[in-house]
There are 4 protein chains.
Amino acid sequence: MANVFGNILKLSIFGESHSDAIGVVIDGLPAGLPVDMEAVQKEMERRAPGRNSFSTPRKEGDVPHIVSGLFNDKTTGTPLCAIIQNTNTRSKDYTPELLRPSHADFTALCRYHGFADFRGGGHFSGRLTAPLVFAGALAKSYLAMQGIEVFAHIKSIGTNRDLSFDAVNPDVETYRKLKAETLPVLDKDIAPKMAETIESARTNQDSVGGVIEALVTGLPAGLGSPFFESVESRLAAMLFSVPAVKGVEFGTGFAISELLGSQANDSFCFENGTVKTKTNHNGGINGGITNGMPLCFSVAIKPTPSISRPQSTVNVETGEEVTMEIHGRHDPCIVQRAVCVIEAVTAIVMADLLLEAKTYAKPSEK
Amino acid sequence: MANVFGNILKLSIFGESHSDAIGVVIDGLPAGLPVDMEAVQKEMERRAPGRNSFSTPRKEGDVPHIVSGLFNDKTTGTPLCAIIQNTNTRSKDYTPELLRPSHADFTALCRYHGFADFRGGGHFSGRLTAPLVFAGALAKSYLAMQGIEVFAHIKSIGTNRDLSFDAVNPDVETYRKLKAETLPVLDKDIAPKMAETIESARTNQDSVGGVIEALVTGLPAGLGSPFFESVESRLAAMLFSVPAVKGVEFGTGFAISELLGSQANDSFCFENGTVKTKTNHNGGINGGITNGMPLCFSVAIKPTPSISRPQSTVNVETGEEVTMEIHGRHDPCIVQRAVCVIEAVTAIVMADLLLEAKTYAKPSEK
Amino acid sequence: MANVFGNILKLSIFGESHSDAIGVVIDGLPAGLPVDMEAVQKEMERRAPGRNSFSTPRKEGDVPHIVSGLFNDKTTGTPLCAIIQNTNTRSKDYTPELLRPSHADFTALCRYHGFADFRGGGHFSGRLTAPLVFAGALAKSYLAMQGIEVFAHIKSIGTNRDLSFDAVNPDVETYRKLKAETLPVLDKDIAPKMAETIESARTNQDSVGGVIEALVTGLPAGLGSPFFESVESRLAAMLFSVPAVKGVEFGTGFAISELLGSQANDSFCFENGTVKTKTNHNGGINGGITNGMPLCFSVAIKPTPSISRPQSTVNVETGEEVTMEIHGRHDPCIVQRAVCVIEAVTAIVMADLLLEAKTYAKPSEK
Amino acid sequence: MANVFGNILKLSIFGESHSDAIGVVIDGLPAGLPVDMEAVQKEMERRAPGRNSFSTPRKEGDVPHIVSGLFNDKTTGTPLCAIIQNTNTRSKDYTPELLRPSHADFTALCRYHGFADFRGGGHFSGRLTAPLVFAGALAKSYLAMQGIEVFAHIKSIGTNRDLSFDAVNPDVETYRKLKAETLPVLDKDIAPKMAETIESARTNQDSVGGVIEALVTGLPAGLGSPFFESVESRLAAMLFSVPAVKGVEFGTGFAISELLGSQANDSFCFENGTVKTKTNHNGGINGGITNGMPLCFSVAIKPTPSISRPQSTVNVETGEEVTMEIHGRHDPCIVQRAVCVIEAVTAIVMADLLLEAKTYAKPSEK
C-alpha cells in the first residue's frame with residue numbers, strides 16, 4: 001500500500017538508511033527501452049551528497065545495480081529491480097528515545113509500534129529518494145523518445161528569489177544547462193546570495209529551505225482525467241511523497257487566488273494551426289487534463305530538520321522534557337539536492353500518464 | 001481509473017451536468033453506520049447554489065436518493081449508491097466549438113475525441129462535487145463517532161485575508177459555528193469586505209478566487225504511511241480532484257521555505273502525559289504520518305473561469321480566433337461554496353485512513 | 001474493494017434484491033462506442049427469469065436505464081452508470097434467524113454483523129448478475145469491433161453431457177445460433193434429457209447443477225501477463241465472482257493431469273504464415289498470455305441452494321437446530337440462465353485485457 | 001500491474017532464470033513479526049530442485065537474503081525485500097527461434113516484442129515460485145499466531161489417486177506430518193505407485209501431471225467479500241499465477257455439478273455453541289465469504305512441458321516447421337515440488353484477507 005505507486009508504470013521502493021540495501025522494483029516499463037547506465041549514473045550523482053560545500057561530506061556511493069528486467073542493455077518488459085548498497089553507514093550510538101523535532105521519529109514509533117529500524121532515520125531517510133532518481137532516469141529516457149523534457153530549478157532559498165520559468169515560450173536551451181549546475185538558477189546574480197544564505201545557516205548550526213519550480217515541455221494535450229486521476233492529483237501525490245515537501249502549486253498557484261477571472265483566464269489562440277493559450281496561469285492543465293502548454297508547478301521544501309544547535313524535545317522512555325543536540329553530518333540545505341528528485345518523480349508520473357493515455361487514445365491513433 | 005478513489009473506503013462518482021442524474025457509489029463503509037438524512041441534506045445545502053446573493057440564482061435541488069446499501073437507516077456494509085437527479089437543466093444552444101478560456105472544453109475535446117457531453121460543462125461541471133459532499137457527510141458521521149471533526153473557513157478572497165486557525169490549541173467551539181455562516185471567517189470584520197469584493201466582481205462581469213484553510217481535530221497519531229501513501233499525498237490527490245483547486249500546502253506551507261530550521265522545527269513536549277508539539281509548522285504530519293496534533297492545510301481556489309465579459313478564444317471548427325461572451329448564471333466567486341466541499345473530501349480521506357489504519361494497528365489494540 | 005473490478009475498464013456494482021435499484025458504474029470505456037439498447041436488452045432477457053418453464057415465473061423486468069456517460073447514443077468516455085429498478089419485490093415475512101443451507105445467510109451475518117439487507121438474499125442475490133450482463137453487452141460490442149466473439153453453452157446438467165466446443169477450428173456459425181436457444185447445447189439429442197432432469201428436480205422439490213463451457217475467438221496473441229495478472233488469474237477472479245461457480249478450468253483442465261507431457265503439449269505449426277497450435281490443451285493460454293488460439297474454459301455451477309424440501313439448519317436467535325422449508329419461486333436449475341452471465345463476465349475481462357494491452361503494444365503498432 | 005499482488009499485504013516479484021537474482025518486495029506486513037530464517041529455509045528447501053530422484057539434479061541454492069524491512073529479527077512494518085541469487089546458471093546455446101511447445105516462448109515473443117530474456121525461460125521460469133515460497137513462509141508464521149494452518153498433499157499423479165482431506169473434521173496431526181515427505185499423500189500405498197509413474201515417464205523421456213489438494217484450518221467465519229473480492233476469486237487469481245496450474249475447484253468442485261441440491265447443500269448445525277456445517281461441499285465458503293469450516297480446494301497441474309523426446313514445432317526465424325529436442329535437466333513431474341508453492345500462495349492470500357478483515361471487523365472487536 002504504502003510503497004507502490006502508479007497505474008501502468010508501477011514502482012515499489014524499499015530499504016532503510018542502514019539496512020543492507022535500498023532499491024526499487026519498476027513494473028510496466030515498455031520492453032526494448034535502452035538503458036544508458038552512464039546517463040543514469042549522472043542523474044544519481046546530481047542527488048548524491050558530498051558533491052560540493054553545500055552538502056554533507058558523506059560519500060554514499062549511490063551506484064544502482066540492476067538485478068532483473070534488463071537484457072542486452074534494454075528493458076525486457078518484465079519487472080526491473082535495482083539495488084543500491086548501503087556501504088557508508090557509520091556505526092554509532094543511537095538514542096531513539098529522544099524524538100528529533102520535525103523528524104519522523106515520533107510518528108514512526110506510533111505507526112510501527114517500536115519495531116521500525118531507527119538507525120539513520122530508517123525507511124524515512126532522504127536516502128530513499130535515490131531509487132526514485134534511478135527510476136526517474138529511466139522514465140526520462142522514455143520521455144525523451146517522445147520529445148518530452150523535464151526541467152527544474154531553485155526558485156528560492158530562504159528569501160532569495162530566482163526568476164521564474166517562462167511557461168508560455170520556454171527557453172529550453174538555457175534550461176538544459178541548469179542540470180550541470182550546483183545551484184541551478186535562472187538569475188545568475190542570485191546564486192552567490194543563495195550560497196551565502198546556506199553558508200550562514202551552516203555557521204549558525206541552522207538550516208534553510210526553499211522552493212523548486214519545475215517545467216515539462218513537449219507534452220501532448222489530452223493526458224490525464226478529471227477528478228481523482230487529474231494530472232494535478234497524480235503529480236501532487238507523488239511530489240508530497242518526497243520528504244520535506246510541504247506545498248505544491250500549479251501554474252500561478254496560490255497567487256491566482258488574488259487575480260480576477262479576467263486576469264487569470266488563459267485565452268486560447270492558434271499558433272501554426274495548433275491551439276495554444278496566450279498566458280499559462282493554469283500551468284498547462286485544465287479540468288485535470290494537459291492542454292498542450294508546458295506543465296508548470298512549484299514545490300515548497302522545508303528547512304532541513306537536522307540542525308546541531310540545542311533543541312527542546314522529550315525522552316519517551318523517561319517521560320521527561322529534555323534538550324538534545326543532533327550530531328553528525330547534515331546538509332544545511334537540501335533544496336539543491338532535491339531539484340533532481342523533483343525532476344525524477346515528475347518524469348515517473350509523466351511516463352505513467354503517457355502509458356495510460358494509450359488506453360484512451362483516439363482509435364485511429366491508438 | 002479516473003473515477004474511483006480510496007483504498008478501503010472506495011468512491012466511484014458519475015454523471016454529467018445535463019445527464020439524467022449524477023451520483024456516487026461508496027464501497028467499504030462500515031456496516032451499521034447510522035445515516036441521518038437530515039444532517040446529510042444540511043451539508044448538501046451548504047454546497048447548493050442559490051443560497052445567497054453571492055451565488056448563482058439557480059436552484060439545483062441537490063437531494064440525494066440512496067438506492068442501495070442502506071437498511072433500517074443504517075449502512076449495510078455493501079456498496080451504497082446515491083443518485084441526485086438533474087432537474088433544473090436549461091435547454092439552450094451550446095457552442096462547443098468555442099473554447100471557454102480556463103475551462104475544460106479544449107482538454108475534454110482532446111481527451112474524449114469529441115464524444116464528451118459538453119452541455120453545461122458535462123462531467124467537468126462543479127456539480128460533480130455534490131456527490132462528494134454527500135459522501136463526505138457519511139464520512140463525517142463516521143469520524144464524529146471517534147471524536148474527529150473537520151473544519152474549514154475562507155482564509156482569503158482576493159486580497160482580503162482572514163485570520164488563521166489555531167493549529168496548536170484550536171478553539172473548536174468557535175470553529176463549529178462557522179458551518180452555519182454564509183462567509184465563514186474568523187475575523188468578523190473581514191466578511192463585509194469579502195462580500196464587497198465579490199459584489200464588485202459581479203458588477204464588473206468578472207470573478208474572484210481565494211484560499212480555504214482546513215483543520216482536523218481529534219486524529220490519533222500514527223495514521224498514514226511514508227512516501228506514496230503519505231497523508232499529504234492522499235489528501236493532496238483528493239484536494240486537487242476538486243475543480244478550481246490550484247495549490248495545496250500543509251502547515252506553514254510555502255512560507256516555511258523562508259524560515260530557518262530553528263524556527264520551523266516543532267519542538268516536542270508533554271501535555272498530560274501525551275506527546276505534543278509546541279508549534280505546528282508541519283500541519284500535524286511528520287514523515288507522511290499524523291503526529292496527533294491538529295491536521296492543518298490550505299488550498300488555493302482560482303477565480304471562476306465563467307465570466308460574462310468578452311474574452312478572446314478560438315473556434316475549433318472554423319479555425320478562427322474570435323471573441324466570445326459566456327452567458328448564463330454564474331457565481332462571481334465559488335470559494336464560499338467550496339468550503340464544504342473541501343471539508344467533505346477531507347473527511348473522506350480521513351475515514352479511509354482510519355479504516356486502513358486498522359490493518360497496521362498495534363495487535364493488542366487491534 | 002469488494003465491488004470494484006478491472007484495471008482499465010473498471011466496474012462498480014451495487015444493489016440488493018429488495019433495495020430500490022441495482023446497477024453498475026463502468027469507467028474506462030472508450031469514448032465513442034455506440035450503444036445499441038435493443039442489443040443490450042436482448043442480452044438482459046437471456047438472463048432474466050421467467051423466460052421458460054425451467055425458470056422461475058417471476059418477471060423481473062430487467063430494464064437498464066443509463067443515467068450518465070452516454071451522449072447521442074455513444075459512450076462519452078466518462079463513467080457510465082446504469083440503474084435497474086427493483087420493481088417486483090414481494091413483501092413477505094423473512095426469517096433471517098433461520099440460516100438457509102449453502103446460502104450466504106450465515107456468512108453475511110458474520111461479515112456485516114447483522115446489518116446486511118437480508119430480504120431476498122440482499123446483495124448476495126443472483127439478481128446482481130443483471131448489471132454484469134449489462135456491462136458485458138457493452139463489452140461485447142467493443143470486442144465485436146475487433147472481430148472478437150464470446151460463446152458459451154451448457155456442457156452438462158447433472159450427468160447429461162453435451163459435446164465440447166472445437167477449440168482448434170471452432171465452428172462459429174453454429175456457435176452463434178446457440179445464443180437464441182433455451183438450452184444451448186451442441187448435441188441436439190441431449191437437450192430433451194437435460195430438460196427432463198430439470199423437470200424431475202422441480203417435481204422432487206430439488207435442484208440440479210451443471211457445467212458451462214466458454215470460447216473466445218479472434219483474440220490476438222500476446223494479451224495478459226505472467227503471474228498475478230495472467231489471463232487465467234484475471235478470468236478466474238471474475239468467474240468466481242459469479243454466484244454458484246465452484247470450479248474453473250482452462251483447456252483440458254483437470255483432465256490434463258492424467259495426460260503425459262507428450263500428449264498434453266500443444267505442438268506449434270504454421271497456418272497461412274501465422275503460428276498456430278495443432279491441439280489446444282492449454283485453452284489458448286501459455287505462461288498466462290494468449291497465444292492466438294481460441295480461449296477455452298469451463299466453469300462448474302452448483303445446484304441451486306434454494307430447494308423447497310425440508311432441510312435441517314439452525315436458528316441463530318434461539319440456538320436450536322431446526323427444520324426449515326424454503327418457500328417461494330425458485331429455479332430448479334440456473335445453469336441455462338448463467339450461460340449469458342459467463343459470456344458477459346468473459347467479455348468484460350477480455351475488453352479490459354485489450355485496453356490494457358495498448359500500454360504494452362509494440363510501439364509501431366502502439 | 002503484472003507483478004504486484006494483494007490489497008493490504010502487497011507482493012512485487014521480479015527476476016529471470018538467468019538474471020543476477022530473483023526476489024520479492026513484501027509491503028504491508030505487520031510490524032514486529034518474528035522471522036525465523038531456519039523455518040523459512042526449510043520451506044525453501046521443500047521447493048528446491050534436486051532434493052530427490054524425482055527432481056532435476058540441479059542444486060539451485062535458494063537462499064533468500066533479506067536486504068530491508070527486518071530489524072532485530074523482526075519485521076519493521078516497512079517493505080521487506082528478499083533477494084535470491086541466481087548462482088547455478090549454465091551458460092549454453094539458446095535457440096529462442098525454436099518455440100518449445102506449451103511453454104511461454106511464443107507468447108513472450110508476442111508480449112515483449114523479442115526483448116524478453118529467453119535464457120532458461122526467463123521471467124516465466126518456475127524459479128520465480130521461490131520468492132513466493134519465501135513470502136508464504138512469512139505469511140504462514142503470521143497465520144500460525146492466529147491458530148491458522150495451511151496443508152496440501154498430492155491428490156493424484158497421472159491416474160494414481162490419493163484419498164482426500166477430511167474437510168469437516170480434519171486430522172491435523174496427520175496432515176502436519178505430510179510436510180516432511182517427498183511424496184506427501186494420505187494413502188501410503190499410493191506413494192510407490194506415483195513414484196513408479198514418475199520414473200516411467202522419465203525413462204520414456206516424457207512427463208506427468210497431477211492434482212494438489214489444499215486445506216486451511218482455523219479460519220474465522222466472515223473473511224472475504226461477495227463478488228469480485230470473493231475468497232474464491234482472490235485465491236483463484238493467486239493459484240492461477242503459479243505456472244502449470246490449469247484448474248481450480250473449491251469443495252466438491254466440478255463434481256458438485258452432478259449432485260442434487262439436496263445432496264450438495266451443507267446443512268447447518270451447532271457444535272459447542274458454534275455454527276458448523278455437517279458436510280463441506282462448498283469448501284468452507286458461502287457467498288464468497290468464509291463460513292468457519294475448513295477451506296478446501298484442489299488445483300490441476302499439467303505435465304511438465306519440457307520433455308526430451310522429439311517434438312514438432314516451428315522456427316520463427318526461418319518460418320519452417322521443424323522437429324526439436326529439449327535437452328537439459330528437467331523434472332519429469334513437478335507436482336511434488338508444487339505442493340509447498342500452493343501452500344505458500346494460499347498462506348499469502350489468507351494473510352492478506354485477515355489483514356483486510358480488520359477494516360470490516362465488528363467495532364467492539366475492531
Where does C/Leu33 contact chain B at under 4.5 Å (heavy atoms): side chain, backbone, both or neither? neither
Sole residue of B/Val67, B/Thr76, B/Leu70 in side chain to side chain contact (heavy atoms under 4.5 Å, CB included) with C/Glu16: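 When side chain to side chain contact (heavy atoms under 4.5 Å, CB included) is applied between C/Glu16 and each of B/Val67, B/Thr76, B/Leu70, only B/Thr76 qualifies.
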If you round to the nearest 0.5 Å, how far is [atom2] of [Y] from [atom1] of [X]?
X       : Y        : atom1 : atom2 : answer
B/Lys10 : C/Lys10  : NZ    : NZ    : 8.0 Å
C/Thr78 : B/Leu128 : OG1   : CG    : 8.5 Å
B/Ile66 : C/Asp20  : CD1   : CG    : 10.0 Å
C/Leu11 : B/Ser12  : CG    : OG    : 9.5 Å

Could you go through B/Leu80 and C/Phe14, starting from their C-alpha distance and side-chain angles, then the distance that decides it, and tell me whether this counts as side chain to side chain contact (heavy atoms under 4.5 Å, CB included)? CA-CA 7 Å; B/Leu80 187 152; C/Phe14 57 86; over 6 Å; no
With distance as the sole criterion, is a donor-acceptor pair present between the side chains of C/Ser19 and B/Ser68 under 3.5 Å? no
Heavy-atom side-chain contact between C/Pro79 and B/His123 under 4.5 Å: yes
Heavy-atom count around C/Asp73 CG within 6.0 Å, excluding the residue itself: above 12?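 Incorrect, the count does not exceed 12.
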